[in-house]
Amino acid sequence: MSSASLGRAWRDRVDLRAVVLLTSLWLLLWGSLGWLDLIGGVVVAVLVCLFFPLPRLEVPLAFRPVALARLGAHFVGDLTVASASVAWTVFTARRPPSGTLFEVPLRSTDELFVATTAGMTTLVPGSVVLDIDRSVGTLLVHGFAVYTPEEQQAFRHRVWRQEELLLKALDPKCEQVLVCEPGEPIAGQSALTGRVRRGASEEGEE
């Protein structure tokens, strides 16, 4: 293969925005901002792009280093606090703790930011995103030891803060999006909750 062909293949497969995003996720997972972690993240991101080509990102991104660092620090803080809280609840509860299903409407309806917010929410101990309604930017979440409407609302505020930092770090139109308030939870049994319950019923019937 000629050098021109190699260069073309490199440009086709390695998207700088994908490398930055994958490297950022690598650093968030490791919870460290050292030089070795950064270099390792870049190498892993490039290898992923080369051997597992990703679709080209059609969403324009605006990388703001200070906001990105703030996002990473906040996420690591959430991981630490949530891990300690879950451990404390498990070891001090008199009976096995459970939780509730509830919806978290987001500000953004962009697939990339909705999916990233969902992924970061699931990575935090004590919360699992079970479904996503991309058309309205709503997550269906199971919150560990979250029972009352007040506790659910407090959980939503934590997710909204995470989404806000994400948008400030990467969304070029974040000012327009953040002007809007998150939508209200869908009243009654929504399409998201209905899908989950129908799936559980079908599994029970089998």
Side-chain angles (χ1 to χ4, degrees), residues 10-31 33 37-38 41-79 102-124 127-142 155-186 190-192 195-196:
W10 176 274
R11 289 192 300 271
D12 290 341
R13 291 181 176 229
V14 180
D15 186 340
L16 178 60
R17 294 171 297 178
V19 170
V20 173
L21 184 58
L22 290 171
T23 302
S24 301
L25 292 175
W26 174 271
L27 293 175
L28 290 173
L29 290 172
W30 280 100
L33 297 176
D37 299 302
L38 177 61
V42 172
V43 171
V44 170
V46 171
L47 290 176
V48 168
C49 290
L50 285 175
F51 293 102
F52 306 97
L54 302 173
R56 303 292 291 187
L57 292 175
E58 301 297 335
V59 180
L61 297 178
F63 293 99
R64 303 180 179 96
V66 175
L68 199 58
R70 189 178 297 118
L71 169 66
H74 181 83
F75 182 67
V76 171
D78 269 359
L79 287 176
F102 55 95
E103 289 166 350
V104 181
L106 304 178
R107 295 180 179 89
S108 177
T109 57
D110 187 283
E111 292 184 0
L112 175 63
F113 298 121
V114 171
T116 304
T117 302
M120 297 180 76
T121 301
T122 297
L123 287 173
V124 174
S127 57
V128 178
V129 176
L130 299 177
D131 204 349
I132 302 174
D133 189 334
R134 295 178 298 177
S135 62
V136 293
T138 300
L139 311 179
L140 180 64
V141 179
H142 179 272
F155 188 100
R156 291 187 185 100
H157 279 288
R158 292 197 296 271
V159 176
W160 290 337
R161 177 57 176 164
Q162 193 73 63
E163 182 199 24
E164 177 186 349
L165 293 173
L166 175 66
L167 294 175
K168 287 182 176 180
L170 299 174
D171 189 358
K173 300 182 294 184
C174 67
E175 292 83 2
Q176 302 174 23
V177 178
L178 292 176
V179 167
C180 304
E181 291 295 327
E184 291 298 324
I186 301 174
S190 71
L192 288 176
R195 284 205 296 268
V196 171

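Count residues from 1 along the sequence. Just so it is clear, the structure is predicted and the values come from calculations on it, not from any experiment.
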- Leu140 vs Ile132, side chain to side chain contact (heavy atoms under 4.5 Å, CB included): CA-CA, chis, key distance, verdict: CA-CA 6 Å; Leu140 180 64; Ile132 302 174; over 6 Å; no

Would you indicate whether the side-chain heavy atoms of [Y] and [X] approach each other to under 4.5 Å?
X      : Y      : answer
Asp110 : Val114 : no
Val44  : Leu22  : no
Arg158 : Ser127 : no
Val159 : Met120 : no
Leu165 : Phe75  : no
Phe102 : His142 : no
Val136 : Asp133 : yes

- Determine, step by step, whether Leu61 and Phe113 satisfy the side chain to side chain contact (heavy atoms under 4.5 Å, CB included) criterion, reporting the C-alpha distance in whole Å, the side-chain angles of both residues, the deciding distance to 0.1 Å, and the verdict. CA-CA 10 Å; Leu61 297 178; Phe113 298 121; 3.8 Å; yes

Atom pair [atom1] ([X]) and [atom2] ([Y]), whose distance is rounded to the nearest 0.5 Å:
X      : Y      : atom1 : atom2 : answer
Arg70  : Glu164 : CZ    : CD    : 10.0 Å
Leu178 : Lys168 : CG    : NZ    : 6.5 Å
Asp171 : Leu166 : CG    : CG    : 8.5 Å

[X] and [Y]: which non-hydrogen atoms are nearest, and at how many Å?
X      : Y      : result
Leu167 : Ser108 : CD2-CB, 4.1 Å
Thr23  : Ala45  : OG1-CB, 3.7 Å
Ala169 : Ala67  : CA-CB, 3.7 Å
Arg64  : Leu170 : NH1-N, 4.0 Å

- Distance-only, no hydrogens or angles: does the Trp160 side chain make a donor-acceptor pair with backbone N or O of Phe155 under 3.5 Å? no

- Under 3.5 Å, is there a donor-acceptor pair between the side chain of Glu163 and the main chain of Leu106? no

- Would you sort out whether Val104 and Thr138 count as a side chain to side chain contact (heavy atoms under 4.5 Å, CB included), showing the intermediate values? CA-CA 6 Å; Val104 181; Thr138 300; over 6 Å; no

- Task: Go through the steps for Val128 and Val141 under the test side chain to side chain contact (heavy atoms under 4.5 Å, CB included), then give the verdict.
- Result: CA-CA 6 Å; Val128 178; Val141 179; over 6 Å; no

